[in-house]
Structures are given as C-alpha cells and as structure tokens.
J.: 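Please find one structure pasted underneath; my questions will follow.
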Protein chains: 4
Amino acid sequence: MSEATKVAQARPDTRERIQSVALELFAEQGYDKTSLREIAERLDVTKAALYYHFKSKEDIVTSLVEDYFGQIDQLVAWGRTQPRTPASRAEVLRRYYAIVAGAGEVFRMLQHNQASVNSLAHKNRSELFRERMDALVSVLTEPDPPLDSQLRAAVALASVSFGCMFYADRAEDPAQLQATVLDIAFGLTGAGP
Amino acid sequence: MSEATKVAQARPDTRERIQSVALELFAEQGYDKTSLREIAERLDVTKAALYYHFKSKEDIVTSLVEDYFGQIDQLVAWGRTQPRTPASRAEVLRRYYAIVAGAGEVFRMLQHNQASVNSLAHKNRSELFRERMDALVSVLTEPDPPLDSQLRAAVALASVSFGCMFYADRAEDPAQLQATVLDIAFGLTGAGP
Amino acid sequence: MSEATKVAQARPDTRERIQSVALELFAEQGYDKTSLREIAERLDVTKAALYYHFKSKEDIVTSLVEDYFGQIDQLVAWGRTQPRTPASRAEVLRRYYAIVAGAGEVFRMLQHNQASVNSLAHKNRSELFRERMDALVSVLTEPDPPLDSQLRAAVALASVSFGCMFYADRAEDPAQLQATVLDIAFGLTGAGP
Amino acid sequence: MSEATKVAQARPDTRERIQSVALELFAEQGYDKTSLREIAERLDVTKAALYYHFKSKEDIVTSLVEDYFGQIDQLVAWGRTQPRTPASRAEVLRRYYAIVAGAGEVFRMLQHNQASVNSLAHKNRSELFRERMDALVSVLTEPDPPLDSQLRAAVALASVSFGCMFYADRAEDPAQLQATVLDIAFGLTGAGP
DNA sequence: TATGAATGAGGGTTCATTCAT
DNA sequence: CATGAATGAACCCTCATTCAT
C-alpha cells in the first residue's frame, strides 16, 4: 500500500473530522442543543478524545468561525487598498459571494447560532457580526456616507448572504443564482462589471 | 375590584412581566443560555411561580412568537386578497415594516435564536422562517415568478428587516430610516407609492 | 402525634444532615476524595438536592469551618480586652480547649485537609490557619514578644489541639485529659489557675 | 560517556526533577489538586513520560515520603537500643529536629496532605502518622508511661515540628530557633544536655 | 397565587492511566 | 526515553420540571 493511500485511509486527522461533524450538528440543531457526547458518538470516539484536540466546546466553534471571519477580514483589508470605483465595488461583492458560497455551512451555522456565537468570550459584546458588516459597508461606500448609501450597501451584502442561504437549494443552476444575486447587489451599490 | 385597588396591588400582571423579562433575556443572551432561574430571579419570584403562568419554557417563547407570526400571517392573508399591483406591493411592504418595527425586540430575539426557535416542536424543520418568507414573497410577485423576481422580493423583505435591526439605533430620525428603507424595497420590487 | 414529636422526626433539616454527613466524610477520607455523590447517597437524596441547600461543594465545607473559625475569632476578640495576667492566659487556654474539644470533628477535618481548606478562595494564601495561630499567640504574650515566648505560646496551643486529637480516644477520663493538657499548657505560658 | 558529555546533556536526571517539582506542588496546592498534567507541563515533558519513571501518581508521593519515614524509623530503631536517660532523650530530640529541618518541604507536604497520604494503600487507616508518633513517644518515655508523660513527650515532638514549620521563616537565626525549640522540648521531657 | 424542596437527566470538563510507535 | 492519541470513569454543577402545601 502506498504512503499516499495509507494517509488517505487511516482516519485522516481526527481533529478535522471533529470539526466537520461539529459544524454539521451545530448548523442543524444549534450549538447549545448539540452536546459533546453527540459529536463523540458520531465519530465513535469518547468525549475525552475531543478534549485532546480542542480545549473546550467553545474552542471547537471558534476554530470553525475563525477561518470564515479571517477570510472576511482579508477581504476588508484588500478592499481598503482599492480605489472606490464601481469596478472595485463589484469585485468586493464578487469575492464576498465566493466566501459565503464557499463557507456555506459555516455561514448557515453562524446564522442559526447568533446568540451563542456572540457570547463567545472573544469580544465583550455582540460585535463580531456588526463589526464585519460595518467594515464591509465601509469599503463599499465613500467615506462618511449618508444613511441612504450605507443602507444600500448593507442590503446589497445581505442580498448576497440571503441569496446563498435561502436559494442555494432552489436555483437550478448555481451560476445563474450567482449572476442574479450579484446583479441585484450591483444595482444597489452602483457597482459596474 | 376598582381600578384604584388594582393599581394598589404591587405589580399585578405577573404573566406579562414574565414575558417582558424573558423576551429581554432571550434576545440579549439567547434562549438556551437563559435559564428559568435567571428569569425568576429578575422578577423576584420562584421558578415554580413561572409554571403557574406557563406550562413550560417553550411555552414562554411560543407565547412571544405567536403574536409576531400571527401578525405576519394576517398580513399574508390580507395580501392574498389584493391584486398584484405596484401600489398593493408598496402597502404590503409598508405594513411589513410596521410589524417589524413594532415587534422590534421579538424580531431581534428570533433572529438571534433561529436554531432554538426552529426546534420548537411545532414543525419538524426550520420551516417557521422559510414558510413565512416564502408566503410574503408570493404576495409580492406574480404567480410562478422567475428566480430573479423571487430574489428581488426576498431581498426587499430582508432589507426591511435589516434596516430595522442594524440601523434603528443609528438613524437620527426614525421617519427618515423608514422612508429610506422603503425606498430601497420599492425599487427592488417595482412597488410604487 | 404532637407537633414537637413531628418536628423531631420529620427529617429534621436536610441542610443540617448534609453538614453532618459531609463533615464525617471529609474528616475521614478527605475533602477531595469525598464526592458529592457519596454524600448524597448516604442521605438518600440526589446530588441536585445538595445544590438546593448549598451553592457548591466549597460552600458546604465553608459552612462547617466558618462556625469554628468564628468561635476562635471571638476568643481572640475577648482575649484582647483582657489584661495580660497569668489568670487571663489560663482562661484563654481553657476556652480554647473547650472550643477544640467541642468542635472535635471539625478540627480533625481541618487538620486532615489543610491543603484543600487553604485553597478555599477566601484568602489568597494559606493564612487561615497561621492568622488565627498568630492572633492567639499574641493574646498569650506580652506585646512584641521574644522568639522564645512566641514559641512557648504556640507550643502551648498546639499541645491543646494535639491532646484533643491524639489522645481523646485513649484517655480513660476526659476530665483527666483536660487537666493534664491544660497543666502542660499553663506550664509553657506561665499561666496560673 | 565522559563526565563532560553527561553534563552537556540538558537536565539529565529526569526522575529527580519530577520528584522535586511534584514535592513543591503537592506542598503548595495539595496532592489532589495537583494533576500530573501540571507536573508534566512544568517539566516540559508529556504526562506519559512520567509513567516511564513512576508507575503511578501514588508512586511519586510514596517515593517522597518513604525517605522521610525511613529516617524516622531509623531514629526509632536507634532509640530503642539506648537506655532511657535524660541524655539519650535529648539526643533523640536533637536527631528528630535534624530530620524535620532537613526534610522541611516533605514535612510540610505531609502536614498539608494528611488525608491524601493516609489513604495511600500501605495501611488501611490513618496509622502512618500515629504509628510513628507513638513509636517516638515510646522511646522518649519509660515503659507503660502514665498519660501525663505520654502527653509531655508528644507535645515535645510537636513543638519541634511546629517550630520548624511555623517559625523557620521568622527566626533571624536558625541556630537560635533550634536552641529555643530544643530547650522547650527538653523541658517537657526532662531531657538534659 | 405562589413557594420550598426535591428530582432525573444531562451538561462540560478533568483525571489518571495505557499503549503503539 | 519519550510522545501522541486516546480511554473510561468520575467529577461538579445546572437545568427544566414537579408537587405537596
């Protein structure tokens, strides 16, 4: 048996398997309603094994979220280096779409567990969400934007998220969904292709 | 019993006080993270007293949500009796805005506790939200709408909700917020004043 | 059945029964080695019942210790009001003997669980013991005593404690034990009858 | 392997380093409250490594205690060969002082963890302490001593221990402490220099 | 109306210990 | 010599809920 094959079979990375199962359950039933016992049973390991890989239940969800928020933060950082043109706005929205679509399950999980995720210790207040939202809005608008522009940008972002979440399983063609969603978002922010 | 006597009794309507405190805590910390002990302590009664007024914890949250969902359902029912004109679409959006703005805390609570609320017993799956969303979309669109129209309607609704939730505390003038939000929503659904 | 009888029988004060069983087990096996399950089982109640009466395991031991340390503190306070005469020293030692003899089991428990009791939260360091010891020494000596006098006082106190702990079950006659122990202690501190 | 090479190896004697760290932690926080994880972390090795050197947690503490109790047992054995004279009593006390002073940390650890140490397996009951205490008392007294003499001997021993533990860090001069403590002990047992 | 006392189930977490490598 | 990964048992604690009074 080749080395590669062996690696592929030998229960590749318990840590990742935990993340995967946890993500699924958190998204489906909620963070609080999902017990570590349940996660462990699905993986056919003991609860204690989870603690070898993560130092707490919170730590599991944090590891999931960090990656996602990291991508958002990177996008914001990149956006800040760009001029505020219709084309760059479009690119921001396109990239945001890619992130949300890519991290679909994580996003759903976050959406379903806002209360739990917000009290994660990290930040004193429920700013994890708002903070990112505001940052994204700011790269989609001129400095010191009027309420109207802020709202349009926020709604554009929301439309991307909503499109992915509510319609991902209804659109016949993912490409069409993407096109439609982005078209709406472009219209709201005056972004051009 | 005279009105005066009633007032003299300290805090007469315990049931409503429970709802009020519960709503606040559920919205703030999440349904699962809020224990009956906590609610009882805030009200300075015993846990057992809560069971005199509600038959379970679920029952408390249900009582909160029912009213809100009832209003939505009424709106949908009303919408179904109307012709699909730009003016009626506008009216639907206006009424939706009123509901969301009026039940602000309940809405926030729902938003923060989707996972918990979805597993409330009523329905087997997370259909409480999607169901209403779909119903509202359907009164905002022609029968059998293309994906594009569905999405625009959905985003219009989302923009109303988001506007209320994220910007309620930032807009100087509530009336201005309402006008702006509805303007966006009208644009998305081709609704006319 | 008379009211008094009923009170006497009807499981008089679960709270006190918990304290009593806990004390016995803590003294016998040690605080850390005694689980709440064990205590609950002996009382034929559930673990949760313990939490109705005490807010934590620590709280149980604290409730036990507080009474004992309270008596010591009272003795110190009283001692401070007295002139430093041989007769008053004798009285302090006599009262100390009474406390130790009276709270025999608590004292044994403390003796056996110094490590656990010292990390009780209350004080940052293991000062619960030393603090009292020093206070007692100070009422048995002149102000600013030389090392020699301090030591004699400390040893006198220790002899009282040791006498009670190690010899309580060997002396044929408690009164004789008390007399002997106090005689030694008087000799060490120059206390007179 | 040359001496130089051996020294070049970082921290050769792991076994002794384990004992040293364990002793410190057991004395400070207590045996039960000190986990193997903690010990391992301080030494920057894994828990499993501890099991290479000791076959259990108990084994660590046993290795610490054995040496100390061994010295006491030797002292008792020696004492038994001596005539019961004031001079030999003095010598016993002197040697006891040396042991306690020498094994200061071990003694403190024992003192703080009586409950844990007593349930070490060896003996069914808390006899490790009492047994030694009784043996020492017996070499300090005539055969079949009256209660009074027993108590004086016991208190003498206790004064040595207490002196070391409570006053070691307060006396300016160790030699003076030793002299004072032994003076008290001699007085109690009628031992002469 | 409400309380005091209790329960049963389950939660997350930690521990000493093992064993193949 | 030592580690990485895992186990099984137990732990303290909290929860929603009940019921006699």
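Given the structure is predicted, the values throughout are model-derived calculations rather than measurements. Numbers restart at 1 for each chain; the letters A, B, ... are given by sequence-line order, proteins then strands.
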J.: Decide side chain to side chain contact (heavy atoms under 4.5 Å, CB included) for A:Ile39 and A:Leu50; before the verdict, give the C-alpha distance in whole Å, the side-chain angles of both, and the deciding distance to 0.1 Å.
T.: CA-CA 9 Å; A:Ile39 296 174; A:Leu50 305 184; 4.3 Å; yes
J.: So, does D:Thr14 get its side chain near the phosphate of F:dC1, meaning an N or O under 4.0 Å from OP1 or OP2?
T.: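 No, no such contact exists.
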J.: Report the secondary structure of DNA chain F in dot-bracket form, marking unpaired bases with a dot and bases paired to a different strand with |, and treating Watson-Crick or G-U pairs with both distances under 3.5 Å as paired.
T.: .||||||||||||||||||||
J.: Can you find a pair of side-chain heavy atoms, one from D:Arg15 and one from D:Gln19, that are under 4.5 Å apart?
T.: yes
J.: Output all residues satisfying side-chain contact (heavy atoms from CB on, under 4.5 Å) with B:Ser20, sequence neighbours left out; order by chain, then residue number.
T.: none
J.: Rounded to the nearest Å, what distance is computed from the CZ atom of residue B:Arg15 to the C1' atom of nucleotide E:dA2?
T.: 16 Å
J.: If a pair satisfies salt bridge (Lys or Arg N to Asp or Glu O under 4.0 Å) and one of its residues is in residues 42-56 of chain B, list it, with sequence neighbours excluded.
T.: B:Glu24-B:Arg42
J.: Not counting sequence neighbours, which residues clear side-chain contact (heavy atoms from CB on, under 4.5 Å) with D:Glu41? List them please.
T.: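 Result, side-chain contact (heavy atoms from CB on, under 4.5 Å) vs D:Glu41: D:Arg37.
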J.: With distance as the sole test, does C:Lys57 use its side chain to make a donor-acceptor pair with the main-chain N or O of C:Tyr31 at under 3.5 Å?
T.: yes
J.: With side chain to side chain contact (heavy atoms under 4.5 Å, CB included) as the criterion, how do C:Leu36 and C:Tyr51 come out once you've worked through the C-alpha distance, each side chain's angles and the decisive distance to 0.1 Å?
T.: CA-CA 10 Å; C:Leu36 294 187; C:Tyr51 281 88; 3.1 Å; yes
J.: Using a 4.0 Å cut-off on heavy atoms, which residues in residues 32-39 of chain A reach DNA chain E? List them by number, or say none.
T.: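 DNA chain E contact set from residues 32-39 of chain A: A:Thr34, A:Ser35, A:Leu36, A:Arg37.
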J.: How far, in whole Å, is F:dT21 from E:dT1 if one measures between their P atoms?
T.: 22 Å
J.: Extract from the structure each pairing of a protein N or O with an N or O of nucleotides 18-20 of chain E at less than 3.5 Å, listing the distance.
T.:
none

J.: By nearest nucleotide on DNA chain F, pick out whichever of B:Ser56 and A:Tyr52 is the more 5' one.
T.: A:Tyr52
J.: Can you tell if the side chain of C:Tyr52 reaches within under 4.5 Å of the side chain of C:Thr14, non-hydrogen atoms only?
T.: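 The answer is no; the side chains never approach within 4.5 Å.
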J.: What is the distance, to the nearest angstrom, from the NZ atom on D:Lys57 to the P atom on E:dA16?
T.: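 One finds 4 Å between P of E:dA16 and NZ of D:Lys57, rounded.
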J.: Any side-chain heavy-atom pair from A:Ile18 and A:Val45 closer than 4.5 angstrom?
T.: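 No, their side chains stay 4.5 Å or more apart.
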J.: Rounded to whole Å, please give me the gap between CD1 in D:Ile60 and P in E:dC15.
T.: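 For the pair D:Ile60 CD1 and E:dC15 P, the rounded distance is 14 Å.
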J.: Is there a side chain to side chain contact (heavy atoms under 4.5 Å, CB included) between D:Met109 and D:Val61 once you walk through the steps?
T.: CA-CA 10 Å; D:Met109 191 267 276; D:Val61 79; 3.7 Å; yes
J.: Provide, to the nearest angstrom, the distance between the CG atom belonging to C:Leu50 and the P atom belonging to E:dG4.
T.: 19 Å
J.: Rounded to the nearest angstrom, tell me the gap between atom CZ in A:Phe54 and atom P in E:dG12.
T.: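 My rounded result for the distance is 15 Å.
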J.: In whole Å, I'd like the distance from the CG atom of D:Asp59 to the P atom of E:dA16.
T.: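 Distance check: D:Asp59 CG to E:dA16 P gives 14 Å.
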J.: How long is the straight-line distance from CZ of A:Phe26 back to CG of A:Asn113, given to the nearest 0.5 Å?
T.: 8.0 Å
J.: If you find the nucleotide of DNA chain E closest to B:Ala49 and the one closest to D:Tyr31, which residue's nucleotide is nearer the 5' end?
T.: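 First, find each residue's nearest nucleotide; the 5'-ward one identifies B:Ala49.
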J.: Phosphate oxygens OP1/OP2 of E:dA6: is one of them under 4.0 Å from a side-chain N or O of C:His53?
T.: yes
J.: Rounding to a whole Å, what distance do you find between D:Glu58:CD and E:dA16:P?
T.: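 Between P of E:dA16 and CD of D:Glu58: 12 Å.
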J.: Send over the distance from D:Leu43 CG to F:dC1 P, rounded to a whole Å.
T.: 15 Å
J.: Starting at NE2 of D:His53, measure out to CD1 of D:Ile60 and round the result to the nearest 0.5 Å.
T.: 10.5 Å
